[in-house]
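Since the model is a prediction, treat every value here as computed from it, not as a measurement.
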Amino acid sequence: SLWPVGTTCRSNSGDPIVVYDPIGDRCILSQFNAGSFMCFAVSQTPDPTAGTWFLYMFNTGTFPDYPKLGVWGNVLGMTSYEGSNLGIYVFRIRTMVEGQPSTMVKRTIPSLGAPGIRETRILPADLDGPKADNDTPAFFVRTVDDQQDPAFPQDRIEIYQFRVNWQTSVFNFSLL
């Protein structure tokens with residue numbers, strides 16, 4: 001009931017997630033739409049029971065299944081399973097906390113699903129502790145079993161970094 005009647009986000013399609021932004025001292029609620037939208041509600045005060053929310057809807061371009069969220073510095077990181085790809089998103093959380101228009105950036109990587117083997121997943125880092133410097137990139141981690149990637153059959157943990165300059169819209173996504 002956070003979203004107005006008749007809006008895409010009012011659909012209550014599922015996979016709700018709640019995360020806390022320790023920098024902005026706000027709660028963030030999310031759910032996907034049965035189509036290709038992610039919906040976010042950001043509490044306007046530190047008290048989420050006050051009932052006042054900034055509402056956001058982002059078109060992800062494809063169904064963002066099994067979303068995972070993490071707050072890191074100046075971004076809200078999100079990952080999703082998109083069939084043969086894994087979606088990796090960063091949202092400009094500082095503007096969302098202020099109720100201002102916000103943007104997102106997306107990258108995809110292969111899900112590495114060999115026949116009969118469950119595909120890999122990737123998770124965003126989530127801040128627990130002191131704030132990272134604004135220069136610190138958002139991090140994403142993926143575990144890969146040797147059977148999931150026949151082209152490179154080695155157990156491993158992959159760490160990716162996502163750097164965004166919101167003023168210039170320049171971003172860099174790379175494997176460390």
- prompt: Is a side-chain donor or acceptor of E158 paired with a backbone partner of R142 at a separation under 3.5 angstrom?
  reply: no
message: Any heavy-atom pair between the side chains of M78 and P64 that's under 4.5 Å?
response: yes
query: Does any pair with a residue in residues 57-71 pass side-chain hydrogen bond (donor to acceptor under 3.5 Å, both in side chains), and if so which ones, sequence neighbours excluded?
result: S36-N59
- prompt: When hydrophobic residues are tied together by side-chain contacts of less than 4.5 Å, even through go-betweens, does L175 share a cluster with I88?
  reply: yes
- prompt: Under 3.5 Å, side chain of Q161 to main-chain N/O of A138, donor-acceptor pair present?
  reply: no
- prompt: Any side-chain heavy-atom pair from R26 and P46 closer than 4.5 angstrom?
  reply: yes
task: Just grab all the side-chain hydrogen bond (donor to acceptor under 3.5 Å, both in side chains) pairs involving residues 90-116, residues at least two apart or on different chains.
output: D21-R94, E82-K106, Y89-K106, T95-S102
- prompt: Can you tell me if D155 uses its side chain to pair, donor with acceptor, with the backbone of D146 under 3.5 Å?
  reply: yes
query: Under 6.0 Å between ring centres, would you say that holds for F37 and F32?
result: no
- request: Apply salt bridge (charged side-chain N to carboxylate O under 4.0 Å, His left out) to the pair D149 and R156, showing each step before the final yes or no.
  value: CA-CA 10 Å; D149 188 4; R156 62 188 183 272; 2.5 Å; yes
message: Under the criterion side chain to side chain contact (heavy atoms under 4.5 Å, CB included), I'd like the reasoning laid out for L176 against F139: C-alpha separation, chi angles, the key distance, then a yes or no.
response: CA-CA 10 Å; L176 294 177; F139 293 104; 3.9 Å; yes
task: Tell me yes or no: between the side chains of R121 and Y81, is some donor less than 3.5 Å from an acceptor?
output: no
- prompt: Which of parallel (below 30°), tilted (30 to 60°) and perpendicular (above 60°) describes Y160 and F173?
  reply: parallel
Cluster check V90, F58: I/L/V/M/F/W/Y, side chain < 4.5 angstrom: no
query: Looking at CH2 of W166 and CD1 of I93, how far apart are the two atoms once the value is rounded to the nearest 0.5 Å?
result: 10.5 Å
field: L127 side chain reached by I23 side chain, heavy atoms, under 4.5 Å
entry: yes
message: A quick test of your reading: do over 12 heavy atoms of other residues, nucleotides or ligands sit less than 6.0 Å from CD1 of I157?
response: no
- prompt: With distance as the sole test, does N33 use its side chain to make a donor-acceptor pair with the main-chain N or O of T8 at under 3.5 Å?
  reply: yes
task: To the nearest 0.5 angstrom, please state how far the CD1 atom of I122 sits from the OG1 atom of T79.
output: 7.0 Å
field: Atom of Q31, atom of S13 and distance for their closest heavy-atom approach
entry: OE1-N, 4.2 Å
field: Same apolar cluster (I L V M F W Y, side chains within < 4.5 Å links), M38/V19
entry: yes
- prompt: Shared ILVMFWY cluster between L86 and F152, side chains joined below 4.5 angstrom?
  reply: no
- prompt: Step by step, would you call M96 with F40 a side chain to side chain contact (heavy atoms under 4.5 Å, CB included)?
  reply: CA-CA 9 Å; M96 295 167 75; F40 296 99; 3.8 Å; yes
task: Return yes if some donor-acceptor pair links the side-chain N/O of R163 with the main-chain N/O of F171 below 3.5 Å, else return no.
output: no
- prompt: Are V18 and I28 close enough that some pair of their side-chain heavy atoms sits under 4.5 Å apart?
  reply: no
- request: Side-chain contact test, heavy atoms from C-beta onward, threshold under 4.5 Å: evaluate it for T52 versus S43 and give yes or no.
  value: no
- line: Separation between CG (D15) and OG (S80), nearest 0.5 Å, reads 10.5 Å
- prompt: In terms of hydrophobic clustering (I, L, V, M, F, W, Y; side-chain heavy atoms under 4.5 Å; direct or indirect links), are F140 and L69 co-clustered?
  reply: no
message: Do V75 and F162 make a side-chain contact, defined as non-hydrogen atoms from C-beta onward lying under 4.5 Å apart?
response: no
field: pair W53-L29: side-chain heavy atoms closer than 4.5 Å
entry: yes
task: Answer yes or no: is there a donor N or O on one side and an acceptor on the other, between the side chain of D126 and the main chain of V71, under 3.5 Å?
output: yes
field: Side-chain donor or acceptor of W72 paired with backbone N/O of P137 under 3.5 Å
entry: yes
- prompt: Would you say the side chains of T45 and D47 form a donor-acceptor pair under 3.5 Å?
  reply: no
- request: Verify, without hydrogens or angle tests, whether N85 (side chain) and G87 (backbone) share a donor-acceptor contact under 3.5 angstrom.
  value: no
task: Output the distance between atom CG (L2) and atom CZ (F54), rounded to the nearest 0.5 Å.
output: 13.5 Å
